[in-house]
Amino acid sequence: MAILEKKIYVGLTEETAIQLVKELAFFPIHAELTAKEIGDGNLNYVFRITDQEGGKSLIIKQALPYAKVVGESWPLTLKRSKIEADALIKHGEFVPLLVPKVYETDEDLAITIMEDLSHLKIARTGLIEGENYPKLARDIGEYIAKTLFYTSDFALHPFEKKRLVAAFSNPELCKITEDLVFTDPFFDIDTNDFEPELQSDVEAIWGNTALQIEAAKIKYSFLTEAEALLHGDLHTGSIFASEEETKVIDPEFAFYGPIGFDLGLFIANLVFQSIVRDGEQKEYILNQIEETWQVFYSVFSELWEKEGVDPFTKVSGYKESFLQKIFNDAVAFTGCELIRRTIGLSHVKDLDGIEDKEIRLAAKRKTLELGTSLILRKSDIQEIKGFISAIKEHTA
Ligand SMILES: Nc1ncnc2c1ncn2[C@@H]1O[C@H](COP(=O)(O)OP(=O)(O)O)[C@@H](O)[C@H]1O
Ligand SMILES: CSC[C@H]1O[C@H](OP(=O)(O)O)[C@H](O)[C@@H]1O
């Protein structure tokens, strides 16, 4: 029986993935297809299907009913697959060149069939290898500005905005972020993961009540502020890049949340590179952070002025005040991501991949110090130059 006709979830194998794309007539019936599971993320399977002779390929991403990185003991909704596909499609309306094309989705199988981006490299991998992507900051600044402006109350009718808020309700995936990013690293919780040498640095975080109060406040923003349809997990492992192209993948954490979150996550993941690089290469990354904010600011401002539908968008000074709030949020979200990727459950290769133990520990201490400072100084840091100075001060 055809896989799709069964109308029930079944985990794909490389063989059944080929059968599926043939059923869907993506390839000629007699095409010699090969399939390979290439997923390296925490949660899902990703199959690459190739027709060597026809020179065509595509990707099937399938959610598992649990988190792949932990196993069946961590059940996880299959609905995340629909959220991811719907977010790719919705964001694609505004930035078609910055996301993969979605060819087909199936809710029963929890799959998205999409454009194969294997000619590009995951930005985190390339950056760790010392590559630079001259378009990355500009493209991501534009991606964040356009996807978030066009899904906000500044661009939408209030009924449509609220329909989207409901459609992108994503409680299970949000709970992962609420726990792993905003809660667990600030307390002595079993799932935290750090080298014993960092014990006293980590205890300083757990014992810092002022920091916990600020972390609680920024977590509350994440819980309550339905500003725009976020990507929700915009780290450099969710971005494919080359010198010419940028494509954002993996928005399964998409939901209506605070705009500064996407900015903060992306900036934090550039900060890891600024910590591991020296000299001109460090400056290059710091410039990319600055450019991300500047492009975001100017694209968002222009959209606000030309396309804002709320009468208050015409009131002088409101835009600047709103963007200041986004900036201050982004500073604190950057701090949370820096800390959680250093001592929480899910780390980054930028830091863990540093082979020399002393250098690695020193880099992690800088990350913790900077993360703490950014959360505490959320409201003091007023503009991007001050943000860059704070990064430099703690990562020299
Ligand atoms: N459209 C795509 N084209 C090529 N490779 C892809 C594509 N989507 C995902 N991949 C590969 O699969 C990996 C995991 O994908 P990702 O969406 O990040 O999964 P997860 O949700 O499990 O984190 C990526 O790092 C990349 O190597
Ligand atoms: C157990 S989920 C941990 C972590 O994984 C997600 O990232 P990705 O799917 O890109 O690997 C997300 O960042 C979660 O916080």
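FYI, the numbering just counts along the sequence from 1. Order of appearance sets the numbers: ligands from 1, and atoms from 1 within every ligand.
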message: Taking the cut-offs as 6.0 angstrom to the six-membered ring centre and 45 degrees off its axis, would you call Lys56 and Phe27 a cation-pi pair?
response: yes
- prompt: With atoms numbered from 1 as shown, which atoms in ligand 2 lie under 4.0 angstrom from a non-hydrogen atom of His235?
  reply: 7 (O), 8 (P), 10 (O)
- prompt: Does Lys366 NZ have over 12 foreign heavy atoms under 6.0 Å away?
  reply: yes
- prompt: How far is atom 2 (S) of ligand 2 from its nearest protein heavy atom, and which residue and atom is that?
  reply: Leu43 CD2, 3.9 Å
field: atom 18 (O) of ligand 1 - nearest protein heavy atom and its distance
entry: Asp250 OD2, 3.2 Å
statement: re atom 2 (C) of ligand 1, the protein heavy-atom contact at minimum distance is Ile59 CG1, 3.5 Å
query: Going by the order shown, which atoms of ligand 2 are within less than 4.0 Å of some heavy atom of Ser346?
result: 3 (C), 4 (C)
statement: The protein heavy atom nearest to atom 14 (C) of ligand 2 is Phe253 CZ, 3.8 Å
message: I need the contact type for Arg340 against ligand 2. Using non-hydrogen atoms and a strict under-4.0 Å cut-off, is it side chain, backbone, both or neither?
response: side chain
- prompt: Under 4.0 Å from ligand 1, counting heavy atoms only, is it the side chain of Asn44, its backbone, both or neither?
  reply: both
- request: Look only at interatomic distance and state if Val46 has a nitrogen or oxygen under 3.5 Å from any nitrogen or oxygen of ligand 1.
  value: no
- prompt: Are Leu109 and Lys6 side-chain neighbours, meaning at least one heavy-atom pair lies under 4.5 Å?
  reply: no
task: Spell out, as yes or no, whether a donor-acceptor pair under 3.5 Å connects the side chain of Lys282 to the backbone of Ser274.
output: yes
- prompt: Does Val181 approach ligand 2 within less than 4.0 angstrom via side chain, backbone, both or neither, non-hydrogen atoms only?
  reply: neither
message: Considering non-hydrogen atoms of the protein only, which is the closest contact for atom 6 (C) of ligand 2, and what is the distance?
response: Asp233 OD2, 3.5 Å
- prompt: Can you check whether Ile111 reaches Tyr9 side chain to side chain, under 4.5 Å on heavy atoms?
  reply: no
field: Contact atoms of ligand 1, heavy-atom distance to Met114 under 4.0 Å
entry: 1 (N)
query: In the protein, which heavy atom is nearest to atom 11 (C) of ligand 1, and how far is it?
result: Ile38 CD1, 3.9 Å
message: Distance under 4.0 Å to a non-hydrogen atom of Trp74: what atoms of ligand 2 satisfy this?
response: 1 (C)
task: Output the list of atoms in ligand 1 that are nearer than 4.0 Å to some heavy atom of Leu43, sorted by atom number.
output: 22 (O)
- prompt: Where's the contact between Ala67 and ligand 2, heavy-atom distance under 4.0 Å: side chain, backbone, both or neither?
  reply: neither
Flag side-chain contact, heavy atom, 4.5 Å: Val102 against Ile113: no
- prompt: Should the proximity of Arg341 to ligand 2, defined as any heavy atom under 4.0 Å, be assigned to the side chain, the backbone, both, or neither?
  reply: side chain
field: Side chains of Asp193 and His347 in contact at under 4.5 Å (non-hydrogen atoms)
entry: yes
query: Near Glu252, which atoms of ligand 1 are under 4.0 Å from a heavy atom of that residue?
result: 21 (O)
message: Can you check which of Asn42, Val102, Asp40 brings a heavy atom nearest to atom 24 (C) of ligand 1?
response: Asp40
task: Measure the acute angle between the ring planes of Phe154 and Phe149, then classify it against the limits of 30° and 60° as parallel, tilted or perpendicular.
output: parallel
- request: Could you tell me whether the side chain of Lys357 reaches within less than 4.5 Å of the side chain of Glu195, counting heavy atoms only?
  value: no
task: Could you list the atoms of ligand 1 found under 4.0 angstrom from a heavy atom of Asp116?
output: 3 (N), 4 (C)
- prompt: So, Phe261 versus Phe333, ring centres under 6.0 angstrom or not?
  reply: yes
message: Checking contacts here: is it the side chain or the backbone of Val69 that comes within 4.0 Å of ligand 2, counting heavy atoms only? Could be both or neither.
response: side chain
message: Return the closest protein heavy atom for atom 8 (N) of ligand 1 as residue, atom name and distance.
response: Ile249 CD1, 3.9 Å
- request: Run down the list Phe253, Phe240, Phe47 and name the one with the heavy atom closest to atom 7 (C) of ligand 1.
  value: Phe240
task: Check if Ser118 has a non-hydrogen atom at a distance under 4.0 Å from any atom of ligand 1.
output: yes
- prompt: Is it the case that more than 12 heavy atoms not belonging to Glu383 sit under 6.0 Å from its CD atom?
  reply: yes
- request: For ligand 1, find out whether one of its N or O atoms is nearer than 3.5 Å to an N or O atom of Leu117.
  value: yes
field: Side chain, backbone, both or neither: the part of Asn42 lying under 4.0 Å from ligand 2 by heavy atom
entry: both
statement: So for Ile122 against ligand 1, with non-hydrogen atoms under 4.0 Å, the contacting part is side chain
- request: Just need the protein heavy atom nearest to atom 9 (O) of ligand 2, so name the residue and atom and give the distance.
  value: Asp250 OD2, 3.6 Å
- prompt: Asp262 side chain to Gly232 main-chain N or O, any donor-acceptor pair under 3.5 Å?
  reply: yes
Aromatic contact, Phe322 with Phe327 (centres under 6.0 Å): no
message: Below 4.0 Å, non-hydrogen atoms only: which portion of Lys61 touches ligand 1? Side chain, backbone, both or neither.
response: side chain
query: Relative to ligand 1, is Lys68 under 4.0 angstrom through side chain, backbone, both or neither, heavy atoms considered?
result: neither
- request: Check the surroundings of atom CZ in Phe255: do more than 12 heavy atoms from other residues, nucleotides or ligands lie under 6.0 Å from it?
  value: yes
task: Verify the neighbour count for atom CD of Glu53: are there more than 12 heavy atoms of other residues, nucleotides or ligands below 6.0 Å?
output: no
Donor-acceptor contact below 3.5 Å, side chain Arg80 vs main chain Thr77: yes
- prompt: With a 4.5 Å heavy-atom cut-off, do Val248 and Phe266 have their side chains touching?
  reply: no
statement: atom 1 (N) of ligand 1 has as its nearest protein heavy atom Glu115 O, 2.9 Å
task: For the pair Glu23 (side chain) and Ile3 (backbone), establish whether a donor and an acceptor sit closer than 3.5 Å, ignoring hydrogens and angles.
output: yes
